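Keep in mind it's a predicted model, so treat the numbers as computed, not measured.
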Amino acid sequence: MDLKSNEPFWLLKNGLMTSYPSLKSDEKCDVLIIGGGITGSLIAHQMVRDGYDTLLIDKRELCNGSTSATTSMLQYEIDVPLFELIDKIGEKGAVLSYKACSDAIDTLEMLSSLIKSDAGFKRKKSLYFASRKKDVEWLQKEYKTRKKAGFEVKWVSGAQVLEEFGFENTFGGIVSKQGASIDAFHFAHELFSHNVKKGLKIFDKTEMVKVDYHKGFNLVTVDSGCQIKAKKIIYCIGYESKSMIKENFVNLKSTYAVVSEVDTDKFKNIRNTLVWNTNDPYLYMRTTDDGRLLIGGGDEDFYDAGKRDAILNKKEKEILKTLKKIKPDYHFYTDFVWAGTFGETKDGLPYIGEHKKFRNSYFVLGFGGNGITFSVTGMEMASLFMKNKKHALSRYFKFGR
């Protein structure tokens, strides 16, 4: 599956950071991680830290799937508002899920410091504004629900949004203290390099073609004919899991993003802010560390990469038209346009845990707008799974829920 279109900003900005060999001989390991994106890098880091002999494969160059197309906005807010998630799964699970995403941002900051990252991790607040008057009532309900749950939030009026952030034609919103941004493509490569020095083995351009299940281990055959004997497999394959798991557990969506030319002055008001709105699908934006504005949105159902990419120009105009409503005097000079594919679940939550049809295996599948923070939670969960222990979120993230 083609998970992105041409010209993803992060891939062009960073270039080919590191190259790894394909698998040319039989191997054995404690843990085989399949998938070399940001999720695979995080899970590999956890497995190496826990002392497991760890090997990772990816059928592409590392991070050349969805990780190169992500907007890398780190938020604790899940695509499903907290008050709605409470109705779906109960207060305990909903609040725990939101807090896990919040804690994940802190973990990413610590990890960035640990590996002396140059991926531009930066603390930012988050503005979630009402784009329509009719949205104010439920957005204020969301504000009160978050405040009651202990999140550091404040309500701002439309006039305050204009004064503080420079956006016109809004109807107020929620400002959250907890948020951040990063270059996930760069960061994942740094994590891989850090852990290779500690014993992690990586083989890219190596595709799994078959798994034979045995008592206490799996035997994985790859496209070269070589085999890997692994006590456990952890699948970090994101939206491509749709082709492996037959039940309808996730809907694939296409999302579109544009990045401006460098302009450090025009959006200085949101240099330290992540922005999104109540549109359906919602618009989201952030600045980059080199002074560009990155805007995404225009989500729709994914059918195939050709159809997705054929409407890039149409989606660019659609996104910039929405921007014009809140910044009528600003002319956006486009530098990059791309599309990516993501997954949307019924409750906005990931799937992390075992699947009954895959023995000796776990899945860490971060979906929605919180794929990166969910994957950080997956580190802790996978660490417990390997020790035959349960995690408080297992029941909420499991298959068949």
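Judged purely by distance below 3.5 Å, without hydrogens or angles, the side chains of Glu152 and Ser176 never pair a donor atom with an acceptor atom. Side-chain contact annotation: Gln227 with Thr221, donor-acceptor N/O pair under 3.5 Å present. Under 3.5 Å, the side chains of Thr39 and Ser375 contain a donor-acceptor pair of N or O atoms.
Of the possible donor and acceptor atoms, none in the side chain of Thr70 sits under 3.5 Å from a partner among the backbone N and O of Ser66. Not one N or O on the side chain of Asp135 forms a donor-acceptor pair closer than 3.5 Å with the backbone of Ala130. Checking side-chain atoms of Asp53 against main-chain N and O of Cys29 turns up no donor-acceptor pair under 3.5 Å. Using modelled atom types, no side-chain atom of Arg292 and backbone atom of Val259 make a donor-acceptor pair closer than 3.5 Å. For the pair Gln178 (side chain) and Ser102 (backbone), a donor-acceptor distance under 3.5 Å is present. Side-chain atoms of Asn195 do not come within 3.5 Å of backbone N or O of Lys198 as any donor-acceptor pair. Ser113 places no side-chain N or O within donor-acceptor distance of the main-chain N or O of Met110, the cut-off being under 3.5 Å. Side-chain N or O atoms of Lys317 include none that pairs as donor or acceptor with a backbone N or O of Asn313 at under 3.5 Å. Proximity of a side-chain donor or acceptor of Asn218 to a complementary backbone N or O of Arg359 within less than 3.5 Å is detected. Checking side-chain atoms of Trp10 against main-chain N and O of Ala184 turns up no donor-acceptor pair under 3.5 Å.
At a threshold of 4.5 Å between non-hydrogen side-chain atoms, the residues Asn272 and Lys125 do not count as touching. At a threshold of 4.5 Å between non-hydrogen side-chain atoms, the residues Glu300 and Ile311 count as touching. Side-chain contact between His45 and Leu114 is present, with at least one heavy-atom pair separated by less than 4.5 Å.
Residues Phe342 and Phe367 keep their aromatic ring centres 6.0 Å or farther apart. For Phe249 and Phe399, the ring centers sit closer than 6.0 Å to each other. Tyr333 has its ring centre less than 6.0 Å from the ring centre of His331. Less than 6.0 angstrom separates the ring centroid of Tyr284 from the ring centroid of Tyr282. Taking the centre of each ring, Tyr239 and Phe302 stay at or above the 6.0 Å mark.
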- What's the verdict on side-chain contact (heavy atoms from CB on, under 4.5 Å) for Ile270 and Met285, showing C-alpha distance, side-chain angles and the deciding distance? CA-CA 9 Å; Ile270 62 164; Met285 68 180 84; 4.1 Å; yes

- For His186 and Glu190, run side chain to side chain donor-acceptor pair (under 3.5 Å): C-alpha distance rounded to whole Å, both residues' side-chain angles, the deciding distance at 0.1 Å, then the answer. CA-CA 6 Å; His186 191 129; Glu190 290 177 323; 3.3 Å; yes

- Message: Set out, in order, the CA-CA distance, both residues' side-chain angles and the distance that settles side-chain contact (heavy atoms from CB on, under 4.5 Å) for Lys357 and Ile245, then state yes or no.
- Response: CA-CA 9 Å; Lys357 293 187 177 179; Ile245 300 171; over 6 Å; no

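Summarising the geometry, atom CG belonging to Asn360 is positioned 10.0 Å from atom NE2 belonging to His214; distances are rounded to the nearest 0.5 Å. Atom-to-atom distance recorded for Phe129:CZ and Asn279:CG is 7.0 Å, nearest 0.5 angstrom. Note that the CD1 atom of Ile372 and the CD1 atom of Ile182 stand 7.5 Å from one another [nearest 0.5 Å]. Interatomic distance, CG of Leu349 versus OG of Ser97, reported as 4.5 Å (0.5 Å rounding). Remark: Leu200 CG to Lys197 NZ distance equals 12.5 Å, nearest 0.5 Å.
Partners of Lys266 under the side chain to side chain donor-acceptor pair (under 3.5 Å) rule, at least two apart in sequence or in another chain, do not exist in this structure. The side chain to side chain donor-acceptor pair (under 3.5 Å) test applied to Thr71 returns no partner, not counting sequence neighbours.
Phe267 and Thr287 make their closest contact through O-CG2, 4.0 Å (heavy atoms, listed as atom of the first residue, atom of the second, distance).
At most 12 heavy atoms of other shown residues, nucleotides or ligands fall within 6.0 angstrom of atom NZ in Lys314. The local environment of CD in Glu163 is sparse, with at most 12 non-hydrogen atoms from other residues, nucleotides or ligands closer than 6.0 Å. More than 12 heavy atoms of other residues, nucleotides or ligands shown are found within 6.0 angstrom of NZ on Lys24.
The ring-ring contact (aromatic ring centres under 6.0 Å, His included) test with Tyr235 singles out one residue from Tyr362, Tyr351, Phe363, and that residue is Phe363.
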